[in-house]
Structures are given as structure tokens and as C-alpha cells.
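Reviewing the structure listed below.
Both counts, for ligands and for their atoms, begin at 1 and track the order of listing. One-based numbering along the sequence shown.
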Amino acid sequence: MQVPPFSLGEQLRQLGDALDTAVLEVLRSGQYIGGATIVRFEHDFAASCAAPHAIGCNSGTDALILALRGLGIGPGDEVITCSFSFFATAEAISAVGATPVFVDVDEDTYLIALDRIEAAITPATRALLPVHLFGQAVDMERLCAIAAAHELHVIEDCAQATGAHWAGRPVGSWGDAGCFSFFPTKNLGAAGDGGAVTCRDPQLAQRLRELAVHGMPRRYLHTALGYNSRLDALQAAVLNVKLPHLPGWVERRRAIAARYQRELADLPGVQLPTSGGEGHSWNQFVVRVPQCPARSAACGGGCTPSADSATFGLPEACCRDWLKQQLQDQGVSTIIYYPIPIHRQPAYAELGYGPGSLPVTERLCSEVLSLPIFPELTVEQQGQVIRVLRQLVSCPAAVAG
Ligand SMILES: *Cc1c(COP(=O)(O)O)cnc(C)c1O
């Protein structure tokens, strides 16, 4: 049996008729841009996030760019974020002309280290951009308190955390703006690219709407240089069908995560993620492989150093890479989010973050491995992941030490 890292097949089967009908309705209506389908989605999505406003746009990346622009952030400004994230988090900051300032992440949560933020604040700092990585919410009470004390904006990167909450309050409702992605593998996925920004302030909502359509408050009047970044009606129709299922899907992700936690708890050499509290929406279940489960020759001889570690000045990743390959050989596909931290990417060489500048982030990039987790993962498939992992890690020689 093959276990994929992600699969849409079963979800499409479950939604089949409803999706077909919704998509055909839009096709036949001829209303592809704007209209009631979009209005309905924006309304329902805002409600699901406990936010007064949601503005649909082209992608999660655009959602970040629109939020930054909407809050007036641009050249000369600094935005504090983390380097252990998808590249778009920092790329959006650079796209508006501002400079990303990276703070290391917390060893246990993999999220921005709150106690390191204040040391990174300078007179040029305008905003904090926390990432709810892998579906786990940052402690937004503490983060917002830091922002308030220094009069900084807060922009939440909620791309991986649709359906997550902190202290019972959904992500995207805490900051000045919340940025969501509907990329197909996210918790709420469209049939292509899509995104949304949530916010409280009606004036910001209006600015965001205008920026997303060429800075155009009314037809052919342009008061700002904006973008062409709309959520189209076909994507909104798909999302309208899927949105009511989101709470159930997130519950399923939580149940899968809980089973991994239970049945892998005593595994030597593999470090499980922290429980993340009840608000975790488990877009990914990310374990760490700090040492080789295969150190002993009886287990197959160990691993060979990887080229990437040397090239990007990162800690050796061969143990994690070895386990990934072994799992793959037995039909279990895993993914590495992310092998190279943003601050060590060639595109950001000019920022000057050398090897060792963000040690926790760099170590995580060499140790993390995401196990299959998606709502339609079957009990049998998850059983196979657990069985294979246990066999690989608990081989007799390793146990004997
Ligand atoms: C996916 C993702 C984005 C970008 O979303 P797109 O819709 O792919 O543009 C931004 N930040 C994080 C953390 C993401 O995972």
C-alpha cells in the first residue's frame, strides 16, 4: 500500500456532485469576475474567522502584499518575521519595498520566539508578521501585547492555519490583518490559486479592495498603484462548497495528530511536535530526526552527508534524509518543510545572514520531516506509517544501543 503525503481523490469523491453543480453554475452564468458567488464566500469566510471583513484575492502571497500595502508599509520600513517559513512570507515584505528582519524560532513550537522580538525592534520597525506555521497558532495575546507596547502593526500569516485558533479566537482575527491561502494543499483548498485578507477596520477593508483592483475606488479612477489580484468566481464557488466542511476536516486532522502522538510517543530518535493546544489545525505533522536511527551497522550502515548542508552552510541533514528515503522505499511519502531557511536562500544573500545566524531555524531545517496528514488519510494508511516508522527506528541493534 502506498501512503501519499497528500491526496485529493477521496475528498473529490465525497463532494463530487456539489462541486460539479457549483462550478457549472458559474460557467453557465458568464459572471467570472466579481458577483454574488464572491460576495457570499467573503461573507461566510469572514464569519468563520470571527472577522468583520474578508477580501478575496489571487493567492496567499498577494494577501500578504495587499495587507502590507494597505497598512502603508513600504521602502525604508522593517518588518519582523521568522525565517522558518515558506519563502513567500519574506518575499511579500520585500515586494512592497520593505526589509524583512528575521528572528529565530522557538525550539519546541517551531514558531517565532516571542522573547527575541523586542531585541530586533529598531526605529524603522513598522510591523510584526508572525507565521502560524504548520497550523499552530502563535501566542497572539503575548505577540499583540509586544506590538501594542511599541506601536507596531500586526499582520498574521495564516496561510497554513485556516481553522486554527488561539485562546478560542480564530487566527486572522487578532492582528490588523490576517492573510490566508487557498492553495490546494492548505486546510481549505481551492482548485487552483486563491487567497483572502481578513481585517476589522472598515477603512482598511476598503483600501484592500481598491488595491486588489488597480487602486481603483470607482471605474477608471485610480488613486493608488495597485494590483490585479482577485479571487475569481470559479474558485469562490469551489470554496463555497468546501467551507462548511472545514471544521470537520480540522477535527479529522486533530484526530490523526493525536494518534501519531499516542502511538509514536516512545519512539527513540524521533522527536514529536508539541501538542500545540486545542487550537492547532495540523496542516502538517512535523517530527524531528536529530540523530541517525541507523547509527548502528546492523540497521543498514548509516547515511552519507548531503550536498545541500555544505552548499547552504547548514547543519548536517543526513539522518533525516536517510529516514525519509527508508520510508519512501516502504511506500510512505514524506515531505521536508523546509530544507533551506529563508535567510540562507541565495535570493537573500544581500541581507547578510551568515551560517549560524539563526541557529534554531537552521537546525530545524536539517531535522524536520512531515508525516502524511490530511483529513482523508485512512486508519489503515496511518497504521502503515506508524508500523514502518517503528520498524525502521526500533531495529534490534539500535534498541540494544
Ligand atoms: C502557502 C503559504 C504562503 C503563500 O500562499 P500562496 O497561496 O501559495 O501564495 C504564504 N505563507 C505561508 C506560511 C504559506 O505556507
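In plain terms, the two heavy atoms of Lys242 and Leu8 that are nearest each other are NZ-CD2, 4.3 Å.
Side-chain atoms of Glu367 never come within 3.5 Å of backbone atoms of Arg288 as a donor-acceptor pair (strictly under, hydrogens ignored). Checking side-chain atoms of Gln345 against main-chain N and O of Phe87 turns up no donor-acceptor pair under 3.5 Å. Although no hydrogens or angles enter the test, the distance criterion places no donor-acceptor pair under 3.5 Å between the side chain of Gln284 and the main chain of Tyr337.
Two rings, from Phe183 and Phe86, have their centers 6.0 Å or more apart.
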Check: every ligand 1 N/O to protein N/O pair under 3.5 Å:
| from | atom 1 | to | atom 2 | distance (Å) |
| --- | --- | --- | --- | --- |
| ligand 1 | 5 (O) | Ser181 | OG | 3.3 |
| ligand 1 | 7 (O) | Gly60 | N | 2.7 |
| ligand 1 | 7 (O) | Ser181 | OG | 2.6 |
| ligand 1 | 9 (O) | Gly60 | N | 3.3 |
| ligand 1 | 9 (O) | Thr61 | N | 2.8 |
| ligand 1 | 9 (O) | Thr61 | OG1 | 2.5 |
| ligand 1 | 11 (N) | Asp157 | OD1 | 3.3 |
| ligand 1 | 11 (N) | Asp157 | OD2 | 2.8 |
| ligand 1 | 15 (O) | Gln160 | NE2 | 2.8 |
| ligand 1 | 15 (O) | Lys186 | NZ | 2.8 |

**OP:** Show your reasoning for whether side chain to side chain donor-acceptor pair (under 3.5 Å) applies to Ser83 and Tyr348.
**Re:** CA-CA 11 Å; Ser83 169; Tyr348 276 127; over 6 Å; no
